[in-house]
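Below, each value reflects all heavy atoms present in this structure, side chains not excepted, and no hydrogens, waters or symmetry copies.
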Amino acid sequence: MLHIQNTLSGKKEPFIPIHKNKVSMYVCGMTVYDYCHIGHARVLVVFDIITRYLRKIYGADNVTYVRNITDIDDKIIARAIENGEDINSLTQRFIDAMHEDADALGVKRPDIEPRATEHMDEILAMIQTLMDKGMAYQANNGDVYYQVSQFATYGQLAKKNLDELQSGSRVEVEQAKRDPMDFVLWKMAKEGEPSWDSPWGKGRPGWHIECSAMSTQCLGEHFDIHGGGLDLKFPHHENEIAQSEGCTGHKFVNYWIHNGFVRVDDEKMSKSLGNFFIIREVLQSYAPEVIRYFILNSHYMSPLNYSDENLDKAKASLTTLYQALLNIDDALNDSLETPVYEDNDYSQRFFQAMDDDFNTPMAISVLFDLSHELNRLKNTDKKQAKIIAQQLKALAQLLGLLENNAQQFLQGNASADGLSDDEINTLIAQRASAKQDKNWSECDRIRDVLDAEDILLEDTPEGTRWRRK
RNA sequence: GGCUGGAUGGCAGAAUGGCUAUGCAGCGGAUUGCAAAUCCGUGGACCUCGGUUCGACUCCGGGUCCAGCCUCCA
């Protein structure tokens, strides 16, 4: 049975959906004013495999995955002004870029991808409800604030109480607020800013309310899982709870899942620190699957240290797995439409690992065990080897790994200044004839030439094969 | 200051009250013209101090150090 570490309770709990065999999950997505970095890649990949696994358990059609897009906020406005660019063209540009990055990483699209600007009605209705209930007020600067003191359990997610928060607060307090912790629901538009009509004047939504409104709109007032990066736990998710439960008077979300940070030199990768690596830049040097493996080789809650060294290791590990699938996986691709997992020790251990709060490092270790088994069988029992290869691919597929053709992954793509596949094959052919003549020095010379181009040769009984380092 | 979480072998990274994680790198052997790949084998760890226990890396308590949150951030 699947267990999930629930941020709300701080405990690992058995996962029981609200509606039998139906799962609803909302994940906070991107604010689209810049390219996605590796931290974003982690959220994308982590919740991708969570969704894949939930679909495996509950059936593909019984999981609804919603990931929103924040397409209106202060930073977007600031960036648009900076670029001298229309807001809509800016956000659309980065939405497209995000989709490209996610697709490259093998992240499947969510079922619903709501945008804040397309849900103004729901946002306004929610603020109105909070006003009617006396949980929100319009301050004399025109902004509408949520009155945190009206929500008794505020701080339940972040495990904080109001006194601690106030005493430690370093933020400059907006004078108009009744209480420093109150947060904005509706922000008055300044001259020239994009705005929407509201009962309180022209303005735009605060950051937190959009997620309450969109999740409720897409999944209802009470749903199963809400996820996002750890940095959203407070205040964003805390505020979502306050807004949603303040409105409905009942439970909002049962399970909160937060993935850990990506670090650089033991420091959190973040936009404000400027120490972030853009996905598309990393993709210049590493195959997307290498990034995916790198992310999944740690538990989603652990800190993940970004470095070339660690990406190189991820690549080496992945190479080992693909090496096992060489010359065997071509015949398998058709059958992956309806994966067969085989009921044996391997799949049991794999599923046990995944059931234990999505323990992907342990699940991956099973893939290596399978690859060793496969290598042994390849020479002794071709039929059984095929079954194991099939299983390896089927299980890996749940992690979005080993979905490429082995030879294609290992040979990679020719770099602009590197040798083409044809040139490589020509040299290998020359070497083959030298080999027939037992001209070993010529053989070694050609191999060295290729090695200098980062092409690695492997002589096998079936002939010479090659891969790019 | 308050609150979270963490400290595992050369590196990355899991589990577990007594039994091999796994990967990368290393070493020995098989294989190979030599390599590579693969297979077989192998060395190497549990921050510190106490406590509980027949037995603790694993549970409890103190300490040290690290990261994060309390402010926009996935």
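The gap from the P atom of B/rG55 to that of B/rC69 amounts to 43 Å, rounded to the nearest Å. Taking the C1' atom of each, B/rA45 and B/rA21 are spaced 13 Å apart, rounded to whole Å. Atom name C1', nucleotides B/rU16 and B/rC11: the rounded distance is 23 Å, in whole Å. Nucleotides B/rU4 and B/rU42 are separated by 41 Å at their C1' atoms, to the nearest Å. Taking the C1' atoms as reference points, B/rA67 lies 45 Å from B/rA35, given to the whole Å. The C1' atoms of B/rA25 and B/rG44 are separated by 12 Å, rounded to the nearest whole Å. Separating the C1' atom of B/rC49 from that of B/rG68 is a span of 27 Å, rounded to the nearest Å. Spacing between B/rG2 and B/rG63 at atom P, rounded to whole Å, works out to 12 Å.
Contact annotation for A/C443: base contact, defined as any heavy-atom pair under 4.0 Å involving a base atom. Among the heavy atoms of the strands lying under 4.0 Å from A/R467 are primed sugar atoms or P, OP1, OP2 only; no base atom is included. At a threshold of 4.0 angstrom between heavy atoms, the contacts of A/H299 are confined to the sugar-phosphate backbone, with no base atom among them. Looking at heavy-atom distances under 4.0 Å, A/G29 makes contact with sugar-phosphate atoms alone, never a base. Within 4.0 Å of A/L457, counting heavy atoms only, lies at least one base atom of the nucleic acid. Using a 4.0 Å heavy-atom criterion, one finds that A/G39 contacts the bases of the nucleic acid, with or without backbone contacts as well. Residue contacts for A/S272: at a heavy-atom cut-off of 4.0 Å it reaches a base atom on one of the strands shown. Residue contacts shown for A/R445 are absent, as no nucleic acid heavy atom lies under 4.0 Å away. Residue contacts for A/D444: at a heavy-atom cut-off of 4.0 Å it reaches a base atom on one of the strands shown. Residue-level contact check: A/V262 touches the bases, meaning some heavy atom is under 4.0 Å from a base atom. Here A/K75 lies in heavy-atom contact (under 4.0 Å) with a base. Nucleic acid contact class of A/H372 (heavy atoms, under 4.0 Å, all strands): sugar-phosphate only. Here A/D231 lies in heavy-atom contact (under 4.0 Å) with a base.
Of the listed nucleotides (B/rU38, B/rA74, B/rU22), B/rU22 has the atom at the smallest distance from the side chain of A/F368. Among the nucleotides B/rG23, B/rG33, B/rC3, the one closest to any side-chain atom of A/K159 is B/rC3. The side chain of A/S317 lies closest to B/rG23, out of B/rG23, B/rC40, B/rC34. For A/N359, the listed nucleotide lying nearest its side chain is B/rA15; candidates were B/rA15, B/rC39, B/rC69. Which of B/rA74, B/rA14, B/rC39 sits closest to the side chain of A/R376 comes down to B/rC39. When the nucleotides B/rA74, B/rU4, B/rC34 are ranked by their closest atom to the side chain of A/M269, B/rA74 comes out on top. Here B/rU71 is the nucleotide among B/rU71, B/rA37, B/rG23 with the atom lying nearest to any side-chain atom of A/P235. For A/Q323, counting side-chain heavy atoms from C-beta on, the closest listed nucleotide (B/rC24, B/rC70, B/rA37) is B/rA37. Comparing atom distances between the A/R431 side chain and each of B/rU38, B/rA74, B/rG33 picks out B/rG33 as nearest. The side chain of A/F261 sits closest to B/rA74 out of B/rA74, B/rC24, B/rC34.
One finds no side-chain N or O of A/K378 lying less than 4.0 angstrom from the OP1 or OP2 phosphate oxygen of B/rA37. Residue A/S365 places none of its side-chain N or O atoms closer than 4.0 Å to OP1 or OP2 of B/rG23. Within the structure, a side-chain polar atom (N or O) of A/S302 is placed less than 4.0 Å from OP1 or OP2 of B/rA14. The side chain of A/W207 contributes an N or O atom lying less than 4.0 Å from OP1 or OP2 of B/rC73. Between A/R67 and B/rA74 there is no side-chain polar atom (N or O) within less than 4.0 angstrom of OP1 or OP2. Remark: A/N259 is not in phosphate contact with B/rA74, judged by side-chain N or O atoms under 4.0 Å from OP1 or OP2.
Judged by distance alone with a 3.5 Å cut-off, no donor-acceptor contact links the side chain of A/D74 to the base of B/rC72. The base of B/rA74 is not paired with the side chain of A/R42 by any donor and acceptor separated by under 3.5 Å. For a distance-only test at 3.5 Å, the side chain of A/K160 qualifies as a donor-acceptor partner of the base of B/rC69. Side chain A/N161 to base B/rG2: no donor-acceptor pair is found below 3.5 Å.
Atom P of nucleotide B/rC3 and atom CG of A/L162 are separated by 16 Å, given to the nearest angstrom. Atom NZ of A/K271 is separated from atom C1' of B/rA74 by 9 Å (rounded to the nearest Å). Atom pair A/Y26:OH and B/rA74:C1' shows a separation of 13 Å (rounding to whole Å applied). Taking atom CD1 on A/I455 and atom C1' on B/rA36, their separation rounds to 14 Å, with Å as the unit. If you take OH of A/Y35 and P of B/rA74, they are 17 Å apart, rounded to a whole angstrom.
The CG atom of A/L325 lies 11.5 Å from the CD1 atom of A/I388; values are rounded to the nearest 0.5 Å. Annotation: the span from A/H226 atom NE2 to A/S215 atom OG amounts to 6.5 Å, rounded to 0.5 Å. Note that CZ of A/R467 and CD of A/E458 are 5.0 Å apart. Values are rounded to the nearest 0.5 Å.
In this structure, the ring of A/F350 has its center no less than 6.0 angstrom from the ring center of A/Y341. Aromatic rings of A/F223 and A/F252 (six-membered ring for Trp) have centroids within the 6.0 Å cut-off, being under it. Between A/Y145 and A/F183, the distance separating the two ring centers is not shorter than 6.0 angstrom.
Comparing A/T319 and A/Y300 against RNA chain B, the residue whose closest nucleotide sits nearer the 5' end is A/Y300. Comparing A/S441 and A/E373 by the nucleotide of RNA chain B whose heavy atom lies nearest to each, the residue mapping closer to the 5' end is A/S441.
Using N1 to N3 plus N6-O4 or O6-N4 for Watson-Crick, or N1-O2 and O6-N3 for G-U wobble, each under 3.5 Å, B/rU32 pairs with nothing. With a cut-off of 3.5 Å on both Watson-Crick or G-U wobble distances, the partner of B/rA15 is given as none. The nucleotide B/rA21 finds no pairing partner, because no Watson-Crick or G-U wobble arrangement with both distances shorter than 3.5 Å includes it. Pair assignment for B/rU4 gives B/rA67, based on Watson-Crick or G-U wobble hydrogen-bonding distances that are each under 3.5 Å.
Both the sub-6.0 Å distance and the 45° axial angle are satisfied by A/K268 relative to the ring of A/F261. By the 6.0 Å and 45° rule, A/K271 stacks over the aromatic ring of A/Y33.
Ring geometry for A/Y35 versus A/F94: interplanar angle over 60°, hence perpendicular rather than tilted (30 to 60°).
Partner of A/V66 under the side chain to side chain contact (heavy atoms under 4.5 Å, CB included) criterion, chosen from A/L219, A/D111, A/V27: A/L219.
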